[in-house]
Amino acid sequence: MNVFSYLLGVIQGEIENLSSAGTLPAGLDLGAVSVEPPREAAHGDAACNAALVLARQARRKPREIADSLAARLEERAEIRAVEVAGPGFVNLRLTDDFWRARLAELLATGAGYGAENLGQGRPVNVEYVSANPTGPLHVGHARGAVVGDALANLLQHMGFAVTREYYVNDAGAQVDTLARSVHARYREACGEAIGAIPEGLYPGDYLVPVGEALAARDGRRWLDRPEEDWLPEVRAFAIEAMMDLVRADLDALGVRHDLFRSERALVGEGRVDDAYAALEADGLIYRGVLEPPKGKRDVDWEPREQSLFRATAFGDDSDRPLRKSDGTWTYFATDIAYHRDKVERGFSDLIDVWGADHGGYVKRMKAAVSALSGEGATLDVKICQMVKLLDGGTPVAMSKRAGRFVMLREVVDEVGKDVVRFIMLTRRNDAPLEFDLRRVTEQSRDNPVFYVQYAHARACSALRRGAEVVPEAALAPAALAGIDLSSLEDAAELDLIRRLCQWPKVLAGATLAHEPHRIAFHLQELAGAFHLLWTRGKDDPRLRFVDAERPAKTLARLALISALKIVIAEGLALFGVEPVQEMR
RNA sequence: GCGCCCGUAGCUCAGCCGGAUAGAGCACUUGAUUCCUAAUCAAGGGGUCGCAGGUUCGAGUCCUGCCGGGCGCGCCA
């Protein structure tokens, strides 16, 4: 049960009762009424704003409405106390039995607790990573990869039919540069002295084995031939090799995609022409000349008449060109075709996860999706801000000019995929992220991965100890769901139960807002409440989880621990992180 | 010059669809270890929510204008 949804239903029912009784006018719009856990514990278990948001419609003072509502709610068995507070909040306190019943419910449900069919099988397309196939992934890519993957997991968990996609930009000038770079390494592998890698080509060592592999496959046949002869072959070979690298990197991070969509294939299949024709048919393409960007010095600018997409009709700041002067498509044109492809495959909910450097591209892509779907599809773009890599507080030098990026693989090898994944989700996607290689492996309170994992490990430890006192079969969550929980009466125990019961609300909120980081924060709160309780057991033996003298109480406490373990494990699973059983 | 994102405690950051006395960790001070992992926990001080207006019962949250930082601005992707 989502306690807050349940209470909202109860309150809506009581408001309707008040309307029927004539206390309130009929036909009130209850859309703005909400029930939430209050920030202040002193305000009870749940707070409702109904009286405040209905006051205007009902032409009544908030406190009057609140008093009427409170009088009705007091009659309900599961509600221990109702108070009207502040400007007209209705604060509810639920009975301990109510909370204990929710704990039993959690245990009976097990791993799926909080999973609600919000999506009703609605298809959602999540596109993430989509790094150019010109080299291995670096740490910046990791953030988008993890955010996209976790978001996809979350949506899937909540009943959406998710497809995970990677757009392979294998059609532009960059892959031609890649091909030339590989050709240089190929000549090197064939025994030619190539000296320094020429300016403008990719100098990375990772292309050496690609050149060697090409030489091994094709021998010397591409050596003394003009570029136009070898470029397509070498390019195809190189792209395949780069995508193998990328897939290996993603695999190391535990990130997977359902579909890799090739830009080159999209062009080859004529899908870009189709998209262009469709926009043209809707009168959204015209010949025109763009204004040069103001204030940006650009000596090469010359006015040029070209085909423009009327993006301004859909909220963009400028109309956008679709063809380069050499007649080939712009990146935007092929991306329009790709998004049209998604819509035609039945998706009307599109999510793209991009790096911060693409922020200026959001409006035009949203405009394009509106245009090509007849306003029927929506695009949500999650922009991931920079990852600032530190080592013990000092920045790790990452110079784009020198081509010195820290590779995703190096970081995963050093701290492990679970640490990378969790840390990447401890910030909102649109806030910059500090990633300190030293700190994230420390075993201390300020390392959130450790803190949450330690809570899980402690829970496992107590359950192992518990099995020495009571039969192991009795510790299965389904069995614990049926026991007497009435000995859970300490404030810290009930506080932990309440926080566990917020899980369905957290999941639903994170899903609808497309914000997986909320889960990371909730897991840290749960871990905190649990560590507190654990330490209280040091002072007060009655709160110890395992007590051989009192098997019944032990069972009740282990039920609480088992529920915590279920929720933490579930949250970590959504993040693609393995919960640890022990830390030694 | 224009667009997007950000600005909350000394530092790193939460803050849900506009709700009550703005929260957490770190750092600092003090305290807790026979006993389920003290790898933890408790207490204390610390704020003009960048600035100024506006909207309303109520603004960190919405609107406008400034200030500061990041990203980007036709034939790169």
Side-chain angles (χ1 to χ4, degrees), chain A residues 31-32 34 36-40 42-43 47 49 52-53 55-56 61-62 85-89 91 130-132 134 169 171-175 263 290-296 298 300-304 306 308 316-318 320-321 323-328 330-332 334-335 355-363 383 385-386 426-428 430-434 436 439 442-448 450-451 454-455 457-458 461-466 505-506 509-510 512-513 515 517-518 521 524-525 528 531-539 541 544-547 554 557 561 582-584:
Chain A
S34 69
E36 303 199 348
R39 270 201 291 232
E40 296 269 337
H43 293 150
N49 65 352
L52 295 163
V53 300
R56 184 188 297 268
K61 288 180 181 161
F89 287 101
N91 293 336
S130 299
N132 296 333
T134 54
N169 302 130
Q174 292 192 356
V175 285
E263 179 186 10
L290 285 178
E291 294 286 315
K294 292 194 174 75
K296 189 197 176 215
D298 188 346
D300 295 332
W301 178 275
E302 7 177 303
R304 188 191 322 281
Q306 52 193 337
L308 297 170
D316 197 3
D317 310 302
S318 170
R320 304 293 177 179
R323 277 189 203 276
K324 304 176 194 171
S325 52
D326 66 0
T328 60
T330 61
Y331 176 77
F332 183 46
T334 59
D335 215 3
D357 53 343
H358 288 61
Y361 196 78
V362 173
K363 275 191 184 179
I383 293 289
Q385 287 297 326
M386 313 277 289
T426 54
R427 290 286 175 269
R428 266 181 18 231
D430 53 4
L433 172 78
E434 286 197 353
D436 193 314
R439 190 153 299 156
E442 271 173 12
Q443 300 193 328
S444 70
R445 174 72 178 92
D446 63 332
N447 175 4
F450 165 75
Y451 190 69
Y454 185 39
R458 272 184 153 176
S461 166
L463 286 165
R464 281 192 299 270
R465 289 291 296 247
K505 184 175 169 64
V506 170
L512 294 174
E515 290 186 353
H517 75 275
R518 294 188 193 184
F521 283 90
Q524 290 179 73
E525 278 182 30
H531 286 310
L532 182 156
L533 188 53
W534 184 286
T535 307
R536 294 244 348 251
K538 301 280 179 192
D539 303 332
R544 290 171 56 82
F545 293 107
V546 179
D547 183 349
T554 296
R557 304 234 184 327
I561 280 201
E582 59 179 341
M583 293 183 154
R584 289 276 177 200

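Chain naming here is simple, since letters A, B, ... match the order of the sequence lines and numbering starts at 1 in each.
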Measuring only the C1' atom in each nucleotide, how far is C26(B) from C67(B)? A whole number of Å is fine.
29 Å
Counterpart residues, salt bridge (Lys or Arg N to Asp or Glu O under 4.0 Å), relative to Asp430(A) (two or more places apart)
Arg428(A)
Rounded to whole angstrom, note down the P distance from G45(B) over to C63(B).
36 Å
Could you work out the separation of G60(B) and G47(B) based on their C1' atoms and round it to a whole Å?
12 Å
When the distance from CD of Gln385(A) to P of G69(B) is rounded to whole Å, what number comes out?
16 Å
So what does Val362(A) touch, heavy atoms closer than 4.0 Å: a base, only the sugar-phosphate, or nothing?
nothing
Quick check: any donor-acceptor pair below 3.5 Å linking the side-chain of Arg304(A) to the base of C75(B)?
yes
So, using salt bridge (Lys or Arg N to Asp or Glu O under 4.0 Å) as the criterion, who are the partners of Glu525(A) when residues are at least two apart?
Arg499(A)
Quiz question: going by heavy-atom distance under 3.5 Å, is there a donor-acceptor pair between the base of A77(B) and the side chain of Asp357(A)?
no
Can you list everything that forms a ring pair (Phe, Tyr, Trp, His ring centres under 6.0 Å) with His43(A)? Sequence neighbours excluded, please.
none
Could you work out, with salt bridge (Lys or Arg N to Asp or Glu O under 4.0 Å) as the rule, every residue matching Asp436(A), not counting sequence neighbours?
none
Can you list everything that forms a ring pair (Phe, Tyr, Trp, His ring centres under 6.0 Å) with Phe332(A)? Sequence neighbours excluded, please.
Tyr361(A)
Check whether the aromatic ring of Phe89(A) stacks on the base of G19(B), taking stacking as ring centres less than 5.5 Å apart and planes within 30° of each other.
no
Arg465(A): side-chain contact (heavy atoms from CB on, under 4.5 Å) partners, not counting sequence neighbours:
Glu468(A), Val546(A)
Round to the nearest Å and state the distance from Arg439(A) atom CZ to C26(B) atom P.
11 Å
Is the distance from OP1 or OP2 of G3(B) to the nearest side-chain N or O of Lys363(A) less than 4.0 Å?
no
Which whole number of Å gives the distance between the C1' atom of G7(B) and that of C49(B)?
9 Å
Does Met386(A) have more than 12 heavy atoms from other residues, nucleotides or ligands lying within 6.0 Å of its CE?
no
Give a yes/no on whether any side-chain N or O of Lys324(A) is located under 4.0 angstrom from OP1 or OP2 of A77(B).
yes
With heavy atoms under 4.0 Å as the rule, sort Ile383(A) into base, sugar-phosphate or nothing.
nothing
Which part of the nucleic acid, if any, lies within reach of Ala356(A) when heavy atoms closer than 4.0 Å are counted: base, sugar-phosphate only, or nothing?
sugar-phosphate
Please list each protein N or O that sits under 3.5 Å from an N or O in nucleotides 30-34 of chain B, with the distance.
none

Below 4.0 angstrom from OP1 or OP2 of C41(B), is there any side-chain N or O of Tyr451(A)?
yes
Which stems, defined as runs of 3 or more consecutive Watson-Crick or G-U wobble pairs with both pairing distances under 3.5 Å, involve RNA chain B?
B:1-7 with B:67-73, B:10-13 with B:23-26, B:28-32 with B:40-44, B:50-54 with B:62-66
Rounded distance in Å between the C1' positions of U30(B) and U34(B)
24 Å
Measure CD/Glu291(A) against P/C2(B) and give the value in whole Å, please.
15 Å
Identify whether any heavy atom of Phe450(A) sits under 4.0 Å from a base atom; if not, whether one sits that close to sugar-phosphate; answer base, sugar-phosphate or nothing.
base
Got a sec, which residues hit side-chain contact (heavy atoms from CB on, under 4.5 Å) with Glu434(A), two or more places apart in sequence or on another chain?
Lys388(A), Leu390(A)
Is the aromatic ring centre of His358(A) closer than 5.5 Å to the centre of the six-membered base ring of G72(B), with the two planes inclined by less than 30°?
no
Measure NE2/His531(A) against P/A24(B) and give the value in whole Å, please.
17 Å
Separation of A77(B) C1' from Asn169(A) CG (nearest whole Å):
5 Å
Separation of A27(B) P from Asp436(A) CG (nearest whole Å)
13 Å
Partner set under side-chain contact (heavy atoms from CB on, under 4.5 Å) for Gln174(A), not counting sequence neighbours
Asn132(A), Thr134(A), Tyr202(A)
Non-neighbouring partners of Arg518(A) that pass side-chain contact (heavy atoms from CB on, under 4.5 Å), sequence neighbours left out
Ala510(A), Ala513(A), Glu515(A)
Suppose you measure atom C1' in U8(B) against the same atom in G15(B); what distance do you get, rounded to whole Å?
9 Å
Hey, does Arg56(A) reach any base, or is it just sugar-phosphate, or nothing, if we go heavy atoms under 4.0 Å?
sugar-phosphate
Using nucleotides 11-17 of chain B, report all nitrogen or oxygen pairs with the protein that are shorter than 3.5 Å.
unit_1	atom_1	unit_2	atom_2	d
U12(B)	O2'	Arg427(A)	NH2	2.8
C13(B)	OP1	Pro432(A)	O	3.3
C13(B)	O5'	Arg427(A)	NE	3.3
C13(B)	O2'	Arg427(A)	NH1	3.3
A14(B)	OP1	Arg428(A)	N	3.0
G15(B)	OP1	His517(A)	NE2	3.1

Name the nucleic acid region contacted by Arg544(A), choosing base, sugar-phosphate or nothing; use a 4.0 angstrom heavy-atom cut-off, strictly under.
base
With rounding to whole Å, what would you report as the distance between A9(B) and G23(B) at their C1' atoms?
10 Å
